Amino acid sequence: MAKVYAVQFDIVHSRKDVNFEIVSGMLRTEHPYPGSVILLSEFFSTGFSADPESFAEMPSGFGFGATSGFLSALADEFNCTVVANGVVFNGGMMRNREAVFRPGRLDAVAYYDKIHPYSAGGENLKIEGGDFVGVFSFAGMRVAMLVCYDLRFPEPFRAAAFAGCHAVFISASWPSHREEYWKTLLRARAMENQMYIVGANRVGSDPYYSYSGSSMIVGSDGAILKEAGTSSCIISAEISADAVCEQRRTCRLLDDARFRGELPRVIEFEG
């Protein structure tokens, strides 16, 4: 049994220093339990941009520039694992990267590059998709990382489930006019793969969209364990590998799946 925290807040557009202070202040008020996981929303340090090159950072290890220093310090301060998102250069293109930071480690220990760039927002013009699902271990669980628009596509979730993952964490900047899609798909992905789904969305607005939050922690049976409203807040819940294993034992959905198709590869990181 372990605890996960999902942080949603109104990101100040292009102001990393301000957003770093907001996240730190919220967590100092919350006092997360040591040894837990903290999940931040997509582009938490800058907000979404149709020109991500202005926000991109040279990667440091698996992480991303100055932001990786902040996330590493955050993991140390709260003695928690931190999962967060940003943009990194990758040759001539960029990647929308989710990365995992542990206490006592300067660089990220695992990462995932968003497989599905959001073409309706022009993300695909500057950001190329990744080609694997990244997995890390936490409190006896295998946890996959996905990002925002990935929620629309069942394949990476099923790949994670077939690889034995107990949970998927999703950082998002999901616009308010599609809020019902967000809520419905989070529960659907949990039910069809019998795993926890933890989604951290943002609130507020930027030059492109408005965001209604509704961050959510969903159990492996599709039950909503915690759901945020439309204001800045932190939600938390306890999750456990045993609960997922019991769900899969009593209803052998994944064993009964006959069509597996072409699924993205899964890479599990150590550390």
Side-chain angles (χ1 to χ4, degrees), residues 6 39-44 46 48-50 52-53 55-57 59 61-64 67 83-100 108-137 142-175 178 181-182 184-190 192-193 195-202 209 216 218 254 257 259-269:
L39 175 65
L40 304 181
S41 58
E42 185 184 23
F43 300 130
F44 83 96
T46 61
F48 175 78
S49 174
E53 189 169 3
F55 295 150
E57 300 179 270
F62 290 148
F64 25 91
T67 306
V83 182
N85 173 274
V87 178
V88 299
F89 286 107
N90 186 59
M93 293 286 284
M94 287 168 284
R95 296 286 181 98
N96 183 332
R97 179 161 292 180
E98 194 87 347
V100 180
V109 298
Y111 76 100
Y112 161 75
D113 291 335
K114 185 178 181 181
I115 290 176
H116 302 97
Y118 183 52
S119 59
E123 188 178 29
N124 61 312
L125 301 177
K126 295 275 184 88
I127 291 179
E128 63 180 351
D131 60 1
F132 68 86
V133 176
V135 174
F136 69 98
S137 297
R142 301 176 76 192
V143 180
M145 299 167 280
L146 297 174
V147 179
C148 201
Y149 191 45
D150 288 329
L151 184 59
R152 292 277 198 166
F153 305 91
E155 295 84 3
F157 291 86
R158 185 49 59 95
F162 283 154
C165 289
H166 305 94
V168 172
F169 290 177
I170 307 169
S171 293
S173 292
W174 197 278
R178 297 193 182 99
Y181 291 86
W182 166 257
T184 300
L185 288 171
L186 287 172
R187 295 192 65 207
R189 298 293 174 247
E192 67 192 9
N193 295 293
M195 57 170 56
Y196 291 103
I197 303 292
V198 183
N201 195 24
R202 63 159 297 181
Y209 302 104
M216 196 179 294
V218 185
L254 296 175
F259 300 101
R260 304 201 171 206
E262 183 180 351
L263 297 175
R265 63 193 175 116
V266 175
I267 295 179
E268 186 163 4
F269 292 87

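Everything numeric here is computed off the predicted structure, so don't read it as measured data.
One distance of note links CE of Met94 with CG of Leu125; it measures 10.0 Å at 0.5 Å rounding. Note: Glu128 CD to Ile115 CD1 = 12.5 Å, rounded to the nearest 0.5 Å. Atom CZ in Arg202 sits 13.0 Å away from atom CZ in Phe44 (nearest 0.5 Å). Annotation: the span from Arg95 atom CZ to Asn90 atom CG amounts to 4.5 Å, rounded to 0.5 Å. We find the CD1-CG distance between Ile170 and Leu186 to be 5.5 Å, quoted to the nearest 0.5 Å.
Using cut-offs of 30° and 60° for the angle between ring planes, the Tyr111 and Phe132 rings count as perpendicular.
Scanning for side-chain hydrogen bond (donor to acceptor under 3.5 Å, both in side chains) contacts around Asn124 gives an empty result, with sequence neighbours left out. Residues satisfying the side chain to side chain contact (heavy atoms under 4.5 Å, CB included) test with Glu57, not counting sequence neighbours, are Lys16, Phe64, Ala66, Thr67. In this structure Arg152 satisfies the side-chain hydrogen bond (donor to acceptor under 3.5 Å, both in side chains) test with no other residue, sequence neighbours excluded. The side chain to side chain contact (heavy atoms under 4.5 Å, CB included) check on Ala110 picks up Val100, Phe136, Met145, Phe269, with sequence neighbours excluded. Checked against side-chain hydrogen bond (donor to acceptor under 3.5 Å, both in side chains), Ser137 has the following partners two or more places apart in sequence or in another chain: Glu268.
Exactly one residue among Asp113, Val88, Asn85 makes a side chain to side chain contact (heavy atoms under 4.5 Å, CB included) with Asn96. That residue is Asn85.
Side-chain contact between Pro117 and Tyr149 is absent, with no heavy atoms from C-beta onward closer than 4.5 Å. Side chains of Phe48 and Tyr209 form a contact here, defined as non-hydrogen atoms less than 4.5 Å apart. The shortest side-chain heavy-atom distance between Glu123 and Val87 does not fall under the 4.5 Å cut-off.
The backbone N or O of Tyr112 sits nowhere less than 3.5 Å from a side-chain atom of Glu98 that would complete a donor-acceptor pair. For Ser171 (side chain) and Ala84 (main-chain N/O), no donor-acceptor pair under 3.5 Å exists by modelled atom type.
A centroid separation of 6.0 Å or more is found between the aromatic rings of Phe157 and Phe153.
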With a cut-off of 3.5 Å and sequence neighbours excluded, list every side-chain donor-acceptor pair involving residues 158-166.
| unit_1 | atom_1 | unit_2 | atom_2 | d |
| --- | --- | --- | --- | --- |
| Arg158 | NE | Asn193 | OD1 | 2.8 |
| Arg158 | NH2 | Glu192 | O | 2.7 |
| His166 | ND1 | Arg142 | N | 3.0 |

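In summary, Lys114 and Asp150 do not engage in a salt bridge, as defined by a charged side-chain N under 4.0 Å from a carboxylate O.
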